[in-house]
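Lettering of chains follows the sequences in order, A, B, ..., and the numbering in each one begins at 1. Everything quoted here is computed from the prediction, not taken from an experiment.
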Number of protein chains: 2
Amino acid sequence: MIAATQSNHPLAAVSKPGEPMTLESACMRLRAAQMRVTKPRIAILGTLFRHQSPVSIEQMHQDLANKSCDLVTVYRCLAAFESIGLVRRSFLHNGTSLYELATGCAPNYHVVCKTCGKTEQIEAFSVTGVEQTLVERGYTQLSHLVEFFGVCPPCQQTSARNATPAIPDNRV
Amino acid sequence: MIAATQSNHPLAAVSKPGEPMTLESACMRLRAAQMRVTKPRIAILGTLFRHQSPVSIEQMHQDLANKSCDLVTVYRCLAAFESIGLVRRSFLHNGTSLYELATGCAPNYHVVCKTCGKTEQIEAFSVTGVEQTLVERGYTQLSHLVEFFGVCPPCQQTSARNATPAIPDNRV
DNA sequence: ATGTCTGCAAATCCTTTGCATTTTA
DNA sequence: TAAAATGCAAAGGATTTGCAGACAT
């Protein structure tokens, strides 16, 4: 699921398709937005680059070697990154969010396994038609949210049936 | 946004398109599922029938004349209703949910105004193609979530700009 | 009669806020 | 050195849980 918010921030320009984002370019974007490049921020960006897929705040915090920075800082940094369009936030059914680097391309959509919680990307899926209609109806600042859920093949063995679901059944 | 979960519950059959759900048929489904038809449950179903659109738990609780039942009971009843497919739950960006009667037809999609939080229905929008692909990939128990956000026409006046957004900006 | 709900209070979970201290530019 | 970021502790809001009493069947 993706929150494809259209940022109004002047510095929220996405990187060009041709040149993939690097840790350096990400830092430059921070500086360009009058934000400071600190050790926690670099570490957090690092985990995002390492995953290249949606990660939870909790996960990132644990990934940070010896939890080098406070959970609160992770929250604040990601909110800051999102405000300049550096990361994209995905809202899950269970009320939590995942963050991923915002590439220059259109937002990606995912399938989330109800059992193990793993996410997989899914091919292009267009919602522009619907948004166009909404614009015609007078809506502004459009954004949307699309997410698919299911049980992935590896999780369909009997053994998995007794596992605690990553996303409790009653919430999905 | 809609959580179009495919319930596996034997009694979760939806009412036939031809015959719209009534308070009576809803109660019958409760009984059929070995659930009891209590005063709070009837009242809650009542507010759902009255709205015929997604409603928040808080909203339902306030609607109940003199808050005739506890907020906790509203939570529990809705969870119970959802477990037998009587209602559909929608998860909002701000971490809360909306519930609506599960009609026999395909799930409806909505636009949620970022300012006032009002929801409007949007015309058919198909995700079956994507789900079909996922089935081919081996996923089972598919469900999905689709929601659009924007600022509705009435909320675009200057006055509205200072209003506290129903969904804080940093969450959408 | 009995297994199911309900209400109330308290607990939990995730996220945000306040503020003094540290850090970056 | 001035503005911005961090850590820690504590607040906040939504939802859940435990348990004794009330209720539907």
Side-chain angles (χ1 to χ4, degrees), chain A residues 3 11 27-45 55-62 64 66-84 86 89-99 117 164 166-172, chain B residues 3 27-45 55-62 64 66-84 86 89-99 117 164-172:
Chain A
L11 291 156
C27 291
M28 282 176 57
R29 284 178 58 186
L30 286 183
R31 289 208 187 81
Q34 276 84 52
M35 286 180 177
R36 295 178 178 177
V37 178
T38 66
K39 207 174 304 175
R41 289 183 174 187
I42 294 176
I44 293 167
L45 284 172
V55 200
S56 71
I57 296 239
E58 198 58 55
Q59 177 68 216
M60 282 186 248
H61 186 226
Q62 293 182 346
L64 296 173
N66 54 282
K67 302 209 171 55
S68 54
C69 84
D70 200 90
L71 218 205
V72 178
T73 300
V74 184
Y75 272 98
R76 285 196 271 226
C77 289
L78 287 163
F81 296 168
E82 196 197 6
S83 76
I84 60 166
L86 203 53
R89 183 177 181 177
S90 308
F91 299 78
L92 297 189
H93 269 180
N94 61 8
T96 65
S97 308
L98 300 182
Y99 288 86
T164 304
I167 298 177
D169 280 344
N170 65 330
R171 312 208 60 169
V172 60
Chain B
C27 291
M28 282 175 58
R29 283 178 59 186
L30 286 183
R31 289 208 188 80
Q34 276 84 53
M35 288 180 178
R36 296 184 175 172
V37 178
T38 65
K39 208 173 305 176
R41 290 182 173 188
I42 295 177
I44 293 167
L45 285 172
V55 200
S56 71
I57 296 239
E58 197 58 53
Q59 177 69 217
M60 281 185 249
H61 186 225
Q62 294 182 346
L64 296 172
N66 54 281
K67 302 207 169 57
S68 55
C69 86
D70 200 89
L71 218 205
V72 178
T73 300
V74 184
Y75 273 97
R76 285 195 270 225
C77 289
L78 287 163
F81 296 168
E82 196 197 5
S83 76
I84 59 165
L86 204 53
R89 181 177 183 179
S90 308
F91 299 78
L92 298 189
H93 270 181
N94 62 7
T96 65
S97 307
L98 300 182
Y99 288 85
T164 305
I167 299 175
D169 280 346
N170 66 329
R171 308 209 63 171
V172 59

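- Along DNA chain D, the nucleotide closest to B/Ile57 and the one closest to B/Arg31 are compared, and the more 5′ of them pairs with B/Ile57.
- The overall bend of the helix from C/dA1-D/dT25 to C/dA25-D/dT1, read as the angle between its terminal helix axes built from five base pairs each, is 40° when rounded to 10 degrees.
- Distance B/Tyr75 OH to C/dG7 P: 15 Å, rounded to the nearest Å.
- Taking atom CD on B/Glu58 and atom C1' on D/dG12, their separation rounds to 14 Å, with Å as the unit.
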Could you run down nucleotides 2-9 of chain D 5' to 3' and tag each one B, S or - for protein heavy-atom contact under 4.0 Å?
-BSSSBBB

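- Partners of B/Gln62 by side-chain contact (heavy atoms from CB on, under 4.5 Å), not counting sequence neighbours, listed by chain and number: B/Glu58, B/Lys67.
- Contact detail for B/Asp70 and B/His61: the closest heavy-atom pair is C-NE2, 3.9 Å.
- Between the CD atom of B/Gln59 and the P atom of D/dT15 there is a distance of 14 Å, given to the nearest Å.
- The shortest heavy-atom contact between B/Leu78 and B/Met60 is CD1-CE, 3.4 Å.
- Here the P atom of nucleotide D/dA14 and the CE atom of B/Met60 are 14 Å apart, to the nearest Å.
- Considering all non-hydrogen atoms of both residues, B/Ala80 and B/Arg41 come closest at CB-NH2, 4.4 Å.
- Heavy atoms only, all atoms of each residue included: A/Ile84 and A/Leu30 are closest at CD1-CD2, 3.8 Å.
- Going from atom CG of B/Leu78 over to atom C1' of C/dC5 covers 14 Å, rounded to whole Å.
- Between the SG atom of A/Cys69 and the CD1 atom of A/Ile44 there is a distance of 4.5 Å, given to the nearest 0.5 Å.
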One pair to check against side-chain contact (heavy atoms from CB on, under 4.5 Å): B/Leu64 and B/Val74. What are the steps and the verdict?
CA-CA 10 Å; B/Leu64 296 172; B/Val74 184; 4.1 Å; yes

Residue pair B/Glu82, B/Ser97: steps toward the side-chain contact (heavy atoms from CB on, under 4.5 Å) verdict
CA-CA 12 Å; B/Glu82 196 197 5; B/Ser97 307; over 6 Å; no

